[in-house]
Q: 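Input: one structure, supplied below.
We use all heavy atoms of the structure for the numbers below, so side chains are in, but hydrogens, waters and symmetry mates are not. Just so it is clear, the structure is predicted and the values come from calculations on it, not from any experiment.
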Amino acid sequence: GGGRYRGGNTLPTAPAFAGATCFGTRDLMRKIGLIGGMSWASTELYYRHLNKGVQKRLGTACSAPILMESLNYCELSRISTPEQWAHAKEVLIASAKRLQDAGATALMIAANSMHRVAEDVAGAISIPLLHIVDETGEKMKADGIKAAAVIGTRNVMTEPWFRQRLVRHGLTLAPYDASRAEEIDRIIYEELMLGKVNESSRRTMKTFITDIAKQDVQAIVLACTELVMLVDTDANVLPIYDTTRIHVAAGVDWILGDAP
């Protein structure tokens with residue numbers, strides 16, 4: 001799909017073998033590269049769900065072939081200046097090249113916010129990059145969603161790189177509320193990224209989602225991996241598109257050779 005950047009190299013293809021037993025599939029699965037650590041709580045979710053996805057499709061003894069590099073988030077967290085983003089770009093490109101050299105056949109960045117530099121990363125490697133925004137936009141378009149609201153960190157909620165990329169898939173996005181964006185950003189960085197789940201924050205998120213649902217939208221885009229620690233994506237007033245869950249599903253498809 002359009003969520004995948006292509007480099008110049010011919011890519012190995014594996015036959016689709018959904019439903020096969022695990023025995024003998026080791027050589028058919030494609031190894032995926034995962035840039036993690038942003039935050040570790042997010043990476044833990046990616047690692048678990050990539051493995052659960054492969055296990056569900058192939059059998060209980062199977063696990064996903066993942067090459068992972070966990071970056072030190074203290075130098076990448078809450079960055080805002082052009083110089084900081086230039087540094088982040090270099091850090092992620094270097095990581096992507098290491099994973100490619102180690103044998104990854106495709107790359108995933110395990111964080112919504114770091115997709116701000118995804119195009120630069122994709123341009124520096126010859127394997128495809130599975131882009132979280134494109135995978136989400138394609139899924140929403142396929143489901144006939146035309147209008148949505150985005151919740152995530154401040155830079156995801158407010159900056160054009162995320163919003164405009166989602167709009168390319170035929171979506172209209174509701175305007176964001178600045179004070180709401182600040183409070184969600186605080187909950188993510190000061191609580192969830194440290195692995196803290198606060199009941200008052202759970203109630204706050206429920207109130208925010210109820211308020212957002214009163215706008216003229218058909219769905220909510222949950223564009224922060226850690227927010228699933230507070231938000232039940234299956235039990236809400238509106239359909240919730242969890243970008244992480246969609247991204248992981250694309251990763252599982254890649255591993256199992258179902259993706260082009």
Q: For a salt bridge (Lys or Arg N to Asp or Glu O under 4.0 Å) check, start with the C-alpha distance between Glu138 and Lys141, then their side-chain angles and the critical distance, and finish with the verdict.
A: CA-CA 5 Å; Glu138 283 177 17; Lys141 188 177 182 179; over 6 Å; no

Q: Side-chain polar contacts of residues 88-101 - donor-acceptor pairs under 3.5 angstrom, sequence neighbours left out - could you list them?
A:
{"residue": "Ser95", "atom": "OG", "partner": "Glu69", "partner atom": "OE2", "Å": "2.8"}
{"residue": "Arg98", "atom": "NE", "partner": "Glu69", "partner atom": "OE1", "Å": "3.0"}
{"residue": "Arg98", "atom": "NE", "partner": "Glu69", "partner atom": "OE2", "Å": "3.2"}
{"residue": "Arg98", "atom": "NH2", "partner": "Glu69", "partner atom": "OE2", "Å": "2.6"}
{"residue": "Gln100", "atom": "OE1", "partner": "Ser126", "partner atom": "N", "Å": "2.7"}
{"residue": "Gln100", "atom": "OE1", "partner": "Ser126", "partner atom": "OG", "Å": "3.1"}
{"residue": "Gln100", "atom": "OE1", "partner": "Ile127", "partner atom": "N", "Å": "3.2"}

Q: Between Arg163 and Thr158 (side chain of the first, backbone of the second, donor and acceptor by atom type, cut-off under 3.5 Å), is there such a pair?
A: no

Q: For Lys31, which residues count as a side chain to side chain donor-acceptor pair (under 3.5 Å) partner, sequence neighbours excluded?
A: none

Q: Is there side-chain contact between Leu256 and Met29, with heavy atoms separated by less than 4.5 Å?
A: yes

Q: What's the spacing between Leu45 CG and Asp242 CG if we round to 0.5 Å?
A: 9.0 Å

Q: Under the side chain to side chain donor-acceptor pair (under 3.5 Å) test, which residues partner Arg116, sequence neighbours left out?
A: Glu159

Q: At their closest point, which heavy atom of Leu129 faces which heavy atom of Ala118, and how far apart are they?
A: CD1-O, 3.8 Å

Q: Please check: side-chain N/O of Gln55 versus main-chain N/O of Ser63, any donor-acceptor pairing under 3.5 Å?
A: no

Q: Please report the interatomic distance CD1(Ile79) to OG(Ser113), rounded to the nearest 0.5 Å.
A: 8.0 Å

Q: Give, for atom SG of Cys224 and atom CG of Asn155, the distance between the pair rounded to the nearest 0.5 Å.
A: 10.0 Å

Q: Looking at side-chain heavy atoms only, is the closest gap between Leu34 and Leu50 below 4.5 Å?
A: yes

Q: Are any non-hydrogen side-chain atoms of Met157 and Asp177 less than 4.5 angstrom apart?
A: no

Q: Write out all pairs satisfying salt bridge (charged side-chain N to carboxylate O under 4.0 Å, His left out) with one or both partners inside residues 212-236, taking only residues at least two apart or from two chains.
A: Asp211-Lys214, Asp234-Arg245

Q: Strictly distance-based, threshold 3.5 Å: is any side-chain N or O of Arg154 a donor or acceptor partner for the main-chain N or O of Ala181?
A: no

Q: Just to verify, what does Thr136 make a side chain to side chain donor-acceptor pair (under 3.5 Å) with, not counting sequence neighbours?
A: none

Q: To the nearest 0.5 Å, what is the distance between CD1 (Ile32) and CD1 (Ile255)?
A: 5.0 Å

Q: Please report the closest heavy-atom contact between Val54 and Ala64, naming both atoms and the distance.
A: CG2-CB, 3.7 Å

Q: Is the closest side-chain heavy-atom distance between Ile188 and Met193 below 4.5 Å?
A: yes

Q: Name all pairs fulfilling the ring pair (Phe, Tyr, Trp, His ring centres under 6.0 Å) condition that reach into residues 184-239, sequence neighbours left out, sorted by first residue then second.
A: none

Q: Which pairs pass ring pair (Phe, Tyr, Trp, His ring centres under 6.0 Å) with one or both residues in residues 37-56, sequence neighbours excluded?
A: Tyr46-His247

Q: Step by step, work out the side chain to side chain contact (heavy atoms under 4.5 Å, CB included) result for Arg165 and His115.
A: CA-CA 11 Å; Arg165 196 170 190 107; His115 275 76; over 6 Å; no

Q: For Ser42 and Ala110, indicate whether the former's side chain and the latter's backbone hold a donor-acceptor pair under 3.5 Å.
A: yes

Q: Does anything in residues 200-209 pair up under salt bridge (charged side-chain N to carboxylate O under 4.0 Å, His left out), and if so which pairs, sequence neighbours excluded?
A: Glu199-Arg202

Q: Evaluate side chain to side chain contact (heavy atoms under 4.5 Å, CB included) for Ile151 paired with Ile209, printing each intermediate quantity in order.
A: CA-CA 9 Å; Ile151 55 174; Ile209 287 171; 4.2 Å; yes

Q: Can you run down the ring pair (Phe, Tyr, Trp, His ring centres under 6.0 Å) pairs that involve residues 54-94, sequence neighbours left out, and say none if there aren't any?
A: none

Q: Could you state the interatomic distance from CG (Leu192) to OG1 (Thr225), rounded to the nearest 0.5 Å?
A: 11.0 Å

Q: What verdict does the side chain to side chain contact (heavy atoms under 4.5 Å, CB included) test give for Val228 and Thr244, after you've listed the backbone C-alpha separation in whole Å, the side-chain angles of each residue and the deciding distance to 0.1 Å?
A: CA-CA 9 Å; Val228 294; Thr244 302; 5.9 Å; no

Q: Can you give me the closest heavy-atom contact between Ala149 and Val217, atom names plus distance?
A: N-CG1, 3.9 Å

Q: Any donor-acceptor pair under 3.5 Å linking the side chain of Asp143 with the backbone of Ile145?
A: no

Q: Identify, with sequence neighbours excluded, every residue that meets ring-ring contact (aromatic ring centres under 6.0 Å, His included) alongside Phe162.
A: none

Q: Would you name the heavy atoms of Gly195 and Met229 that are closest together and state the gap between them?
A: CA-CE, 4.0 Å

Q: Between Thr243 and Asn112, is there a side-chain donor-acceptor contact under 3.5 Å, judged purely by atom types and distance?
A: yes

Q: Any donor and acceptor pair, going by atom type alone, linking the side chain of His169 with main-chain N or O of Met140 inside 3.5 Å?
A: no

Q: Just wondering, do Asp253 and Arg57 contact through their side chains at under 4.5 Å, heavy atoms?
A: yes

Q: Could you tell me whether the side chain of Arg180 reaches within less than 4.5 Å of the side chain of Ile212, counting heavy atoms only?
A: yes

Q: Considering residues at least two apart in sequence or located in another chain, which fulfil the side chain to side chain contact (heavy atoms under 4.5 Å, CB included) criterion with Val167?
A: Leu173

Q: Nearest 0.5 Å, please: how far is CD1 in Ile132 from CG in Leu166?
A: 11.0 Å

Q: With the 4.5 Å side-chain cut-off for hydrophobic clustering, are Leu194 and Ile184 part of the same group?
A: no

Q: Return the minimal non-hydrogen interatomic distance between Leu130 and Ala106, and the atom names on each side.
A: CD1-CB, 4.0 Å

Q: Work out which heavy atom in Ser201 is nearest to a heavy atom in Glu191; give both atom names and the distance.
A: OG-OE1, 2.6 Å

Q: Excluding sequence neighbours, so at least two apart, what forms side chain to side chain donor-acceptor pair (under 3.5 Å) with Asn51?
A: none

Q: Tell me whether Tyr176 at atom OH has more than 12 heavy atoms from other residues, nucleotides or ligands lying less than 6.0 Å away.
A: no

